[in-house]
2 protein chains.
Amino acid sequence: MTETKVPRRTTARLEEQLCFAVYQAGHAFTRMYRSALAELGLTYPQYLVMLALWDGDGVTVKALGERLSLDSGTLTPLLKRLEVAGLIRRERSREDERQVLLHLTEAGEALREKGGCVPITMGRAIGDAVHPDGRLLGDLKRLRDALLKAADQD
Amino acid sequence: MTETKVPRRTTARLEEQLCFAVYQAGHAFTRMYRSALAELGLTYPQYLVMLALWDGDGVTVKALGERLSLDSGTLTPLLKRLEVAGLIRRERSREDERQVLLHLTEAGEALREKGGCVPITMGRAIGDAVHPDGRLLGDLKRLRDALLKAADQD
DNA sequence: GACAATTCAATTGTGCACGATCTAAATCAC
DNA sequence: GTGATTTAGATCGTGCACAATTGAATTGTC
């Protein structure tokens with residue numbers, strides 16, 4: 001008997017997997033943001049950190065890390081780069097010398113105005129590809145929570 | 001006059017941004033896959049490459065890169081690691097010496113069976129957080145395409 | 001055939017992302 | 001109070017991700 005040409009479909013096609021769709025959408029966002037953020041001198045993760053700090057500074061590295069789900073191994077060097085860029089200050093807390101408090105500088109605060117136009121650029125890029133009803137947002141949050149819950153269990 | 005405590009809402013809240021939701025879901029997937037793939041000895045991007053090759057090997061680095069939207073700077077070292085692990089072979093094409101063809105080894109082919117259980121693990125993790133109707137998948141594809149189209153234009 | 005332009009992969013440098021480990025500070029137990 | 005435990009960040013090593021450059025092979029043009 002000759003071998004059949006029909007592929008053994010033991011694994012789903014790459015393009016039909018949810019994980020791959022999320023992976024690709026994430027890359028597409030990163031790429032889109034890269035050009036939009038270039039003139040601010042920020043990378044995409046740095047922009048997320050600034051967004052968090054514009055929402056309220058004086059937070060600890062740990063609190064920031066929990067909000068972004070990033071650990072100190074990622075944040076410490078990133079925050080140092082933001083400090084070198086003159087956008088934030090990092091100073092040890094007086095009450096608890098273990099923690100480092102993050103504060104916006106004048107320049108960091110000022111960048112908020114310029115950064116405001118970025119989501120608008122994004123909105124135009126997305127156009128009408130996404131319903132503005134937040135359905136996709138809700139779906140993604142549910143997905144994330146389910147994955148994290150499962151990861152905790154084992 | 002004292003300064004008001006009302007935050008100037010010039011930027012949307014981090015948690016309500018689509019880009020952040022995609023970013024977080026992507027991380028959650030990566031984390032979930034990390035543990036599921038540990039026993040296969042693969043990282044998540046390596047698993048995606050294997051998925052693509054299980055779907056048909058003998059492809060060029062360029063073709064693989066287009067499918068995954070990754071460039072040679074990312075793929076070359078990753079593929080070398082897969083080669084060292086004994087899962088693939090990389091050989092220059094006879095007809096066109098510029099291109100490198102990727103082939104599965106016996107071990108790489110065999111790994112397909114073990115890899116088959118990974119999406120099942122994932123499906124269980126996701127549970128009923130995502131409708132199985134592919135709505136989310138479709139939404140993400142549309143989002144990705146819109147972002148890529150916009151990135152091309154400028 | 002000679003030479004310019006293009007194409008493919010590899011390389012280099014920067015920056016995330018995370019596990020593992022380390023140090024210092026704070027907290028707990030007694 | 002002394003010692004054990006816990007906590008917050010920093011550091012190190014590995015592995016993606018991508019821009020930019022390089023070098024070799026191919027293709028196109030004359």
Side-chain angles (χ1 to χ4, degrees), chain A residues 19-20 23-35 37-38 40-50 59-85 88 90-102 148 151, chain B residues 19-20 23-35 37-38 41-50 59-66 68-85 88 90-102 148 151:
Chain A
C19 66
F20 186 61
Y23 180 80
Q24 294 247 66
H27 283 182
F29 257 128
T30 307
R31 238 161 271 167
M32 195 61 212
Y33 270 97
R34 190 188 310 281
S35 49
L37 293 175
L40 301 191
L42 294 175
T43 65
Y44 180 43
Q46 287 168 9
Y47 173 69
L48 293 179
V49 166
M50 293 304 289
V59 297
T60 65
V61 172
K62 177 168 178 56
L64 180 66
E66 273 167 6
R67 190 163 180 196
L68 300 174
S69 29
L70 294 174
D71 71 355
S72 69
T74 301
L75 284 176
T76 297
L78 188 156
L79 292 169
K80 282 184 177 175
R81 280 187 285 270
L82 287 179
E83 186 173 43
V84 168
I88 66 168
R90 297 158 62 239
E91 48 188 29
R92 292 264 161 201
S93 162
R94 283 282 179 282
E95 306 95 55
D96 188 340
E97 291 267 341
R98 288 173 306 180
Q99 32 195 26
V100 168
L101 300 178
L102 304 170
L148 293 181
Chain B
C19 65
F20 186 61
Y23 180 80
Q24 294 247 69
H27 283 183
F29 257 128
T30 307
R31 240 161 269 166
M32 195 62 213
Y33 269 98
R34 191 187 310 281
S35 49
L37 293 175
L42 294 175
T43 66
Y44 179 43
Q46 287 168 11
Y47 173 68
L48 293 179
V49 166
M50 294 303 290
V59 297
T60 65
V61 172
K62 179 170 179 53
L64 180 66
E66 273 167 7
L68 299 174
S69 29
L70 295 173
D71 71 355
S72 69
T74 301
L75 285 176
T76 297
L78 188 156
L79 293 169
K80 282 183 177 175
R81 281 186 284 271
L82 287 179
E83 186 173 44
V84 168
I88 66 169
R90 297 158 61 240
E91 47 188 30
R92 293 262 162 204
S93 161
R94 283 281 178 284
E95 304 95 54
D96 187 340
E97 291 268 343
R98 289 172 306 179
Q99 26 193 32
V100 168
L101 299 178
L102 305 169
L148 292 182

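Lettering of chains follows the sequences in order, A, B, ..., and the numbering in each one begins at 1.
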Please check this pair: side chain of A:R34 against backbone of A:T43, looking for a donor-acceptor N/O pair closer than 3.5 Å. no

Which sits closer to the 5' end of DNA chain C, B:T74 or A:T74, going by the nucleotide each is nearest to? B:T74

Given C:dC16, D:dC18, C:dA9, which nucleotide is nearest the side-chain atoms of B:S72? C:dA9

Nearest to the side chain of A:V100, heavy atoms from C-beta on, is which of D:dA10, C:dA9, D:dA8? D:dA10

What is the nucleic acid contact for B:S69, judged by heavy atoms within less than 4.0 Å: base, sugar-phosphate only, or nothing? sugar-phosphate

Just the rounded figure in Å: distance from P of C:dC16 to OH of A:Y33. 16 Å

Would you indicate, yes or no, if C:dA9 has its OP1 or OP2 atom less than 4.0 angstrom from a side-chain nitrogen or oxygen of B:R92? no

Nucleotide D:dA25, atom C1' - distance to CZ of B:R94 in whole Å: 15 Å

Identify whether any heavy atom of B:D71 sits under 4.0 Å from a base atom; if not, whether one sits that close to sugar-phosphate; answer base, sugar-phosphate or nothing. base

Contacts of B:R98 and B:Y44 projected onto DNA chain D by closest heavy atom; the upstream (5') one is B:Y44

Considering only heavy side-chain atoms of A:D96, the closest of C:dA26, C:dC16, D:dC16 is C:dA26

With under 30° as parallel and over 60° as perpendicular, where do the rings of B:Y33 and B:F29 fit, or are they tilted in between? tilted

Nearest whole Å is fine: how far is C:dC16 P from A:H27 NE2? 15 Å

Please check the phosphate of C:dA17 (OP1 and OP2 only) for any side-chain N or O of B:Y23 closer than 4.0 Å. yes

Report the relative orientation of the aromatic rings in A:H27 and A:Y23; use parallel for angles under 30°, tilted for 30 to 60°, perpendicular for over 60°. tilted

C:dT11, OP1 or OP2 - any side-chain N/O from B:K80 closer than 4.0 Å? yes

A:L78 near the nucleic acid: base, sugar-phosphate alone, or nothing, with a heavy-atom cut-off under 4.0 Å? sugar-phosphate

I would like to know whether A:L75 and A:V49 meet side chain to side chain contact (heavy atoms under 4.5 Å, CB included); could you show each step before the answer? CA-CA 9 Å; A:L75 284 176; A:V49 166; 4.2 Å; yes

Classify the nucleic acid contact of B:T43 as base, sugar-phosphate or nothing, counting any heavy atom under 4.0 Å across all strands shown. sugar-phosphate

B:L75 near the nucleic acid: base, sugar-phosphate alone, or nothing, with a heavy-atom cut-off under 4.0 Å? nothing

I'd like to know if the side chain of B:S35 reaches the main chain of B:M32, judged simply by a donor and an acceptor atom lying under 3.5 Å from each other, with no hydrogens or angles considered. yes

How many whole angstroms separate atom CD of A:E66 from atom P of D:dA8? 8 Å

With a cut-off of less than 4.0 Å, is there a side-chain N or O of A:R31 near OP1 or OP2 of D:dA19? no

According to a strict under-4.0 Å criterion, is B:T76 in side-chain N/O contact with OP1 or OP2 of C:dA10? yes

Nearest-nucleotide pick for B:L70, side chain only, options being D:dA17, D:dT26, C:dC8: D:dA17

Taking B:R92 for the side chain and B:R98 for the main chain, is one N or O donor matched with an acceptor at less than 3.5 Å? yes

Below 4.0 Å: OP1/OP2 of C:dC16 and any side-chain N or O of A:Q46: yes

Residue whose nearest DNA chain C nucleotide is more 5′ - A:E97 or B:T60: B:T60

Could you tell me how far apart A:M32 (CE) and D:dA17 (P) are, to the nearest whole angstrom? 20 Å

